[in-house]
Amino acid sequence: MIEALRELARRLLAEERVRVVIGYGQSSPQGPVHPLFITRAEDAEQLVWNRQCFSNLTAYLTRKDVRALGPAAVVVKGCDERTITVLEKEAQLERERVFVVGMVCEGMGDPGLPKCQVCDRHRPRLADETLGEAVDREVPALERYAALEAFLARPAEQRMAYWQEELARCVKCYACRQVCPLCYCERCIVDKNRPAVIDTSATLKGNFAWHITRAFHLAGRCVACGECARVCPVGIDLTLLNQSLARAAEEAYGFRAGEDPRVEPLVGSWSPQDREDFIR
Amino acid sequence: MARIGVFVCWCGENIARHVDVEAVASGAATLPGVRTALSYKYMCSEPGQALIRRKIAEEGLDAVVVSACSPHMHLRTFRRAAEGAGVNPYRVEMANIREHCSWVHHDRGEATAKAADLVRMAVAKARLDRPLEPICVPVARRVMVVGGGVAGIQAALDVADAGHQVVLLEREPSIGGKMAGLSETFPTLDCSQCILTPRMVEAAQHPNITLHTYSEVEAVEGFVGNFRVTVRKRARYIDVDRCTGCGQCWNSCPSKKNPSEFDYRLGQRTAIYIPFPQAVPARPVIDKDACIKLTKGKCGLCAKRCEAQAVKFDDEDRLVVEEVGAVVVATGYRLYDPRTPAAADGISGYGEYGYGKYADVIDSLQFERLASASGPTAGEIRRPSDGAVPKSIVFVSCVGSRDPAKGLSYCSKVCCMYNAKHAMLYRHKVHDGAAHVFYMDVRAGGKNYDEFVRRAIEQDGARYHRGRVSKITEREGKLIVRGVDTLAGEAITVEADMVVLAAAIRPAEGVERLAQKLGVGYDAFGFLSESHPKLRPVETNAAGVFVCGACQGPKDIPESVAQASAAAAKVLALFSRDELSRDPEIASVNELTCAACFACERSCPYGAVERAELRNGRGEFLKRTARINPGLCMGCGTCVAVCPSKSVDLDGYSETQVYAMLKSLT
Amino acid sequence: MSQNNGFDPKIIAYVCNWCTYLGADLAGTNRLEYPASVRIIRLPCTGRIDFHLIVKAFESGADAVLVSGCHPGDCHYTAGNFHARRRWTLFRALLDVLGIEMDRIHFTWISAAEGRKWQEVVTEITEKTKALGPYRAYRRICEGGA
Amino acid sequence: MEIGYYPGCALHGSSNDYETSVRACLSALDVGLKELDDWLCCGASAAHSLNHKLSVALPARNLALAERDGMAELLAPCPMCSGALLRAKAALHGDARLREEMGEIIELPVAGSAEVLNLVQIFERAGIERIRERAVRTLEDYRPACYYGCLLTRPPQTTRFDDCEQPRSMESLLSALGAEPVDWAFRTECCGAGMTVAREETVLELAHRILSDAAARGANCLVVACPMCHVNLDMKQADVARRFAVNHQMIVYYLSDLVGLALGLSPEALGVDRHFVVR
Amino acid sequence: MEILPTSGKALDAEVERAVAACYQCGKCSAGCPMAEAMDLLPNRLLRLVQLGRIDKAAAAEAPWLCVSCQTCTTRCPQSVDCAAVLDALRQIAVGRGLVPRRQQRTLLFQQAFLESIRRYGRVHEVELIGRFKTRALLGDLNVPLFFKDALLAPRLYRRGKLHLTGETVRDRDLVARIFARCRAEPETT
């Protein structure tokens with residue numbers, strides 16, 4: 001599989017179909033896997049593929065410096081690829097200028113990350129070329145949201161208490177924002193003043209405001225790559241927030257972010273039949 | 001620092017009874033930015049307004065808060081008053097301490113406290129009000145009417161007679177629309193063409209009307225007052241200016257056996273043809289698929305015969321751009337096709353009626369042609385299969401209409417009337433013929449309408465059966481119609497020589513595409529949406545675009561014409577001004593911080609958001625950005641809510657202001 | 001109305017200019033009495049009302065928030081309330097997982113003709129909020145401590 | 001190809017000539033039939049007339065058996081049976097509560113996943129082109145009136161087969177084999193077979209109309225894909241003759257008969273000799 | 001299609017709901033092959049149900065003349081499942097003893113039919129006809145029929161179409177259990 005990947009990268013660069021290949025690299029066999037940007041065919045063998053390829057590389061597609069390089073190829077897992085659709089819908093990339101290399105993925109980490117336990121997209125579907133053989137396992141929505149279910153089983157006061165405790169630890173390092181492929185605003189809303197929408201101090205108040213905002217800005221967009229939670233230095237489980245929105249979208253509108261390129265983004269479209277059981 | 005004056009109104013006892021207005025005023029006086037605060041018995045009265053103007057002058061106020069009734073009541077009044085004294089009208093705020101306070105809270109303490117809060121909020125907002133100028137856009141006093149049927153012609157003539165330029169667009173080779181093909185019209189039975197053709201000629205010869213036939217809207221840019229409409233003039237293969245309409249060409253054309261669109265396939269026409277004798281303009285077109293010259297390269301007889309040398313086989317589509325200030329859509333209707341394959345766009349057909357299978361099962365427009373003196377049978381009722389005069393005809397109502405299972409739930413409104421008319425005409429022409437009408441309800445609301453239907457039944461002996469038809473089959477040249485009369489409680493079978501289906505009225509082919517170009521909404525069936533069903537029946541939510549006739553919903557001729565004149569009146573009202581001035585409380589984008597995700601574009605109900613590029617002084621590309629078209633923005637603020645980086649804001653309700661109001665309450 | 005006495009709930013109402021604001025006006029014209037607990041912030045359309053406004057309301061010490069606009073299909077701007085409806089549906093899910101007390105956030109459609117409904121809604125919300133007491137949990141958040 | 005097979009009571013009873021025909025014809029096309037093990041009667045009209053729950057339970061049991069034995073497709077040559085199976089499918093589909101309830105009633109888990117096919121659909125699966133290639137003789141001297149009756153196409157929302165008002169599938173199959181189907185009026189009119197035994201007199205009338213129109217259109221035979229239609233139009237033709245004093249002598253074929261004949265099978269092999277009206 | 005309760009007021013409610021959309025265009029009656037023989041046309045039965053007079057509708061002969069050809073359901077502009085409504089009316093009639101005498105034969109036949117299934121899991125034609133005819137005979141309903149079909153029997157037999165003994169499923173108790181579980185609850189009117 002690795003060889004196939006390297007071969008493909010070589011070809012794409014050699015034939016000048018792309019100017020850069022965004023993949024995974026590893027400084028030493030034991031060393032950590034890091035994003036790798038290849039612009040010359042001969043560097044292709046530096047590419048790696050293993051259970052440590054956590055990051056969602058599509059995040060780099062919207063970076064000014066990367067765009068400057070020209071057409072790019074990007075290595076994606078089934079979970080990451082949905083990002084491409086969302087970005088395209090939001091006019092952040094022209095699909096034809098990106099060559100998507102899909103990697104069949106049996107899960108990342110050992111043991112697999114929670115998201116991998118319930119993954120129903122081992123094999124990318126939207127890629128221009130997909131490497132590896134495997135079949136999809138249809139995971140019922142319930143299973144996908146099991147963790148959320150469990151959390152929601154607690155009474156509201158306990159949930160509130162939990163978040164007060166968790167978010168009190170947030171140091172506003174914004175790693176969650178940096179790593180998120182869908183946080184591409186040039187000026188993030190937290191950096192807005194006159195008026196300041198969000199209290200920038202790392203107080204509980206500011207932290208609630210920030211995390212509510214971060215999560216809701218991903219409503220109907222988050223593809224559940226789970227990077228935000230993975231990179232959080234103080235280990236706040238942000239996926240719970242993302243999941244609550246993802247499930248609402250799926251339940252109320254049968255919508256899954258990035259699933260279907262033909263479907264319009266959830267926020268910004270509507271139907272007269274939309275549910276409103278909570279509105280009096 | 002702002003210099004705000006607060007004016008607390010007693011509204012006689014209305015406010016003063018439950019609110020301590022003096023306390024409210026003195027409280028307001030202490031608020032930051034407030035220069036003066038006082039109360040008066042009737043602020044809206046002339047002395048009250050004078051007081052405000054005087055205070056503005058004395059204190060040099062630059063903003064005003066009137067604490068009185070609902071802004072829906074008097075905001076305009078006080079804006080005008082303040083403007084009179086030199087304060088920008090958009091720096092006037094109102095605190096509603098009457099409808100929202102004194103009238104609904106009778107505990108003086110609570111009411112006063114709330115009133116004080118409301119004033120505090122209003123002051124906080126006023127402090128941040130920017131002076132705004134109303135948006136002015138020049139108006140091009142020229143209208144495009146899309147569709148040259150009776151509605152379009154009416155609208156065009158009304159506007160043209162008022163002295164303004166009109167561009168009249170028609171997709172077919174001639175104007176006249178469906179009405180030109182009708183036989184006689186209910187409830188007066190006067191001849192359709194006799195009414196219409198003079199109007200057609202009038203429109204064509206009117207100095208203020210430019211006619212584009214055989215043409216369609218290609219693209220639309222701009223907004224109210226300033227539309228740029230690109231028109232595709234389809235290749236006619238005739239030089240209209242040279243052509244004299246002498247008829248040599250179509251009389252000599254050897255390709256004669258082409259189904260006539262105008263006769264709904266009941267008649268035939270040549271390849272070079274005018275759709276019907278009274279066509280306007282009386283200039284032929286060449287059907288390029290039927291023309292032997294254009295298909296096989298041979299022939300060219302018409303060109304040889306044409307003394308004016310008007311035939312040009314090398315003709316091509318042309319695009320012309322028309323600049324207009326308003327657009328009237330009058331694209332009319334088409335009939336539902338009972339042959340529709342199952343569930344094409346949710347609409348399915350009537351296999352059980354065998355339309356398209358049995359030659360003598362026709363639709364009501366085809367019957368109009370049979371009954372029309374200018375029709376393929378010169379007005380004699382003869383059936384298509386063998387030309388025999390039918391001794392019995394079954395007229396079936398509600399084919400498609402009121403049939404949710406087939407995908408159309410609405411009533412087509414005019415069929416009841418023309419069914420009665422058809423039955424009548426038939427009985428007048430074939431005295432021993434039996435006319436059966438199957439109906440669910442007879443809907444004959446309108447002047448002399450019900451009388452007309454009764455006449456068909458009582459005097460002309462049309463036999464009405466209350467019930468739907470279930471199946472039509474054919475045996476030995478007879479059509480076996482199986483229906484029911486629910487009043488008699490019997491299933492009945494009629495042996496008919498001909499069956500006429502009153503097929504549902506649907507919006508004209510392709511109207512959705514036109515609507516999208518114009519930014520006009522349409523319903524599930526493709527009928528265009530008016531902006532208010534009762535109060536704004538011919539306006540649409542696209543400013544400067546109006547609708548009339550059957551494109552907005554099934555209508556008969558009188559209604560279509562009335563609506564056309566209404567649309568014309570609206571256009572004239574628009575043209576009565578040099579400039580449009582609009583409320584400036586609209587959205588604007590901070591283009592430097594915009595991330596160009598275009599969430600705003602997706603959620604704008606008015607298509608007011610454009611994708612633009614930000615360039616520096618030297619015109620070099622910096623970034624992409626959303627941009628609001630002030631001509632189109634109506635100021636709902638939906639874009640503000642969906643903008644992730646809050647790079648959009650709304651004047652008059654800005655982020656800063658709302659937050660300040662909240663803060664004033666803490 | 002004096003259970004939980006001493007406590008006058010603070011309720012922020014975001015209403016659209018064309019339906020609910022006029023509904024409240026009508027309540028006034030018909031002299032329909034209701035508690036003085038609500039502070040209306042008039043916005044052009046429910047489409048303008050985003051989640052920040054709800055969060056901000058709580059940050060500025062609201063004990064409950066009311067969001068109200070035109071009934072579906074009646075929007076002055078044709079679709080603003082449809083857009084809003086979707087966002088609220090999603091936002092509620094987020095608030096729920098955060099353990100925000102859902103019966104402090106109310107959504108209603110109130111038309112210009114529904115003065116009576118405005119009166120009922122405000123009265124009920126006030127009673128409910130009184131019963132719940134001040135929104136201490138969020139105060140705690142704003143005071144930054146646990 | 002091999003496919004699940006649900007004969008139903010009629011084909012194992014007085015309409016066994018139909019089964020003979022179907023089996024012979026399909027084996028000639030190398031379509032193997034795997035009969036559903038220990039199948040139950042579908043309940044026919046009696047069940048849905050008298051006991052709605054039963055009218056779902058009985059077919060549900062058969063669907064469950066098919067699922068258990070891993071049959072993805074189930075041929076039910078009797079439209080009454082296929083209709084019952086399809087109705088049950090529709091009811092079970094997207095109604096977890098009902099699936100559960102039925103599972104308990106019939107003592108087998110049931111999802112209703114098996115696809116139910118009628119005879120025409122099997123031929124379409126086998127491929128009209130392929131059948132034409134295999135054909136050893138043309139049907140040119142046959143001018144059949146194709147009779148769909150009611151349940152083959154109705155109600156369309158459950159049968160999802162052909163156009164329920166102007167069906168063409170039998171005609172296109174047979175004309176591909178050289179036959180000249182006539183166009184006639186009663187292709188989807190009901191023959192009232194459901195009532196043959198209980199209310200014979202009203203039913204003969206319907207049968208008579210159908211036979212007369214077919215004859216009037218110059219048909220020299222009828223073609224059906226339904227055992228009840230066959231009983232009603234073939235066996236009862238004598239009674240029609242007696243009652244209306246007109247002997248139509250209209251041969252009534254099963255669709256598989258004509259296909260079989262085209263494939264070179266003998267009338268005997270197809271059970272045609274066991275019909276009541278014969279050449 | 002959703003499963004109706006088998007009896008009781010619950011069924012009434014279901015049936016009323018099922019016909020709520022009917023606007024009396026009569027297309028069901030117009031297409032019904034049995035219309036001529038019916039005392040009340042289908043659209044009238046539906047109307048009675050709409051008016052809450054279910055018992056009168058159920059007591060009519062028409063439901064027993066329905067051949068379940070689905071034409072009404074297929075062509076209904078309002079997508080009312082007319083045929084299913086008639087089924088329900090039959091069940092109500094049986095549950096409340098409203099089956100008109102002249103239609104007892106149809107009922108008897110269908111009961112005999114179900115009986116046969118309950119016993120063997122499949123239909124035994126000879127026994128079925130036999131049981132039906134004898135019942136009909138005892139009930140002295142249209143006796144001549146008996147002999148008529150008796151005449152047919154040999155014709156069938158000669159063609160090897162008549163099995164004096166029919167097929168039986170392996171697990172007959174299962175069938176009985178299924179029937180028991182589907183038995184209509186007693187009327188709660």
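Each chain gets a letter, A, B and so on, in the order its sequence line appears, and its residues count up from 1.
Considering only heavy-atom pairs separated by less than 4.5 Å from chain E, the leading option among D:H93, D:M80, D:H275 is D:H275.
Using a 4.5 Å cut-off between heavy atoms, D:I105 contacts chain E through both its backbone and its side chain. If you measure heavy-atom distances from E:I117 to chain D, the contacts under 4.5 Å come from the side chain alone. When heavy atoms are compared at a cutoff of 4.5 Å, E:V94 approaches chain D solely by way of its side chain, counted from C-beta outward. Using a 4.5 Å cut-off between heavy atoms, D:A57 touches chain E through its side chain atoms alone.
The existence of a salt bridge linking E:R181 and D:E104 is excluded, since no basic side-chain nitrogen approaches an acidic carboxylate oxygen closer than 4.0 Å.
Within the 4.5 Å cutoff, side-chain heavy atoms of D:C41 are placed close to those of E:F113. Considering only heavy atoms from C-beta on, D:L206 comes within 4.5 Å of E:M34 through its side chain. Residues E:T73 and D:R154 are not in side-chain contact: their nearest non-hydrogen atoms beyond the backbone lie 4.5 Å or more apart.
What you find for E:E167 and D:W39 is that their closest heavy atoms are OE1-CZ2, 3.9 Å. Across every non-hydrogen atom of D:A46 and E:Q110, the tightest pair is CB-O, 3.8 Å. The two residues E:A37 and D:T202 come nearest to each other via the heavy atoms CB-CG2, 3.8 Å. Nearest heavy-atom pair, D:I106 versus E:L174, reported as atom, atom and distance to 0.1 Å: O-CD1, 4.1 Å. The two residues E:F179 and D:L54 have their closest heavy-atom pair at CE2-CD2, 3.4 Å.
To the nearest 0.5 Å, atom NE2 of residue D:H52 and atom CD of residue E:E14 are 9.5 Å apart. Note that the CG atom of E:D87 and the CG atom of D:N51 stand 11.0 Å from one another [nearest 0.5 Å].
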Legend entry - E:T74 vs D:E165, side-chain contact (heavy atoms from CB on, under 4.5 Å): CA-CA, chis, key distance, verdict: CA-CA 9 Å; E:T74 298; D:E165 297 296 351; 4.3 Å; yes

Legend entry - D:L50/E:L107 under side-chain contact (heavy atoms from CB on, under 4.5 Å): CA gap, chis, key distance, verdict: CA-CA 8 Å; D:L50 299 185; E:L107 175 58; 3.7 Å; yes

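Here the options are D:P155, D:C190, D:C150, D:P156, the test is side chain to side chain contact (heavy atoms under 4.5 Å, CB included), and the partner is E:Q70; only D:P155 passes.
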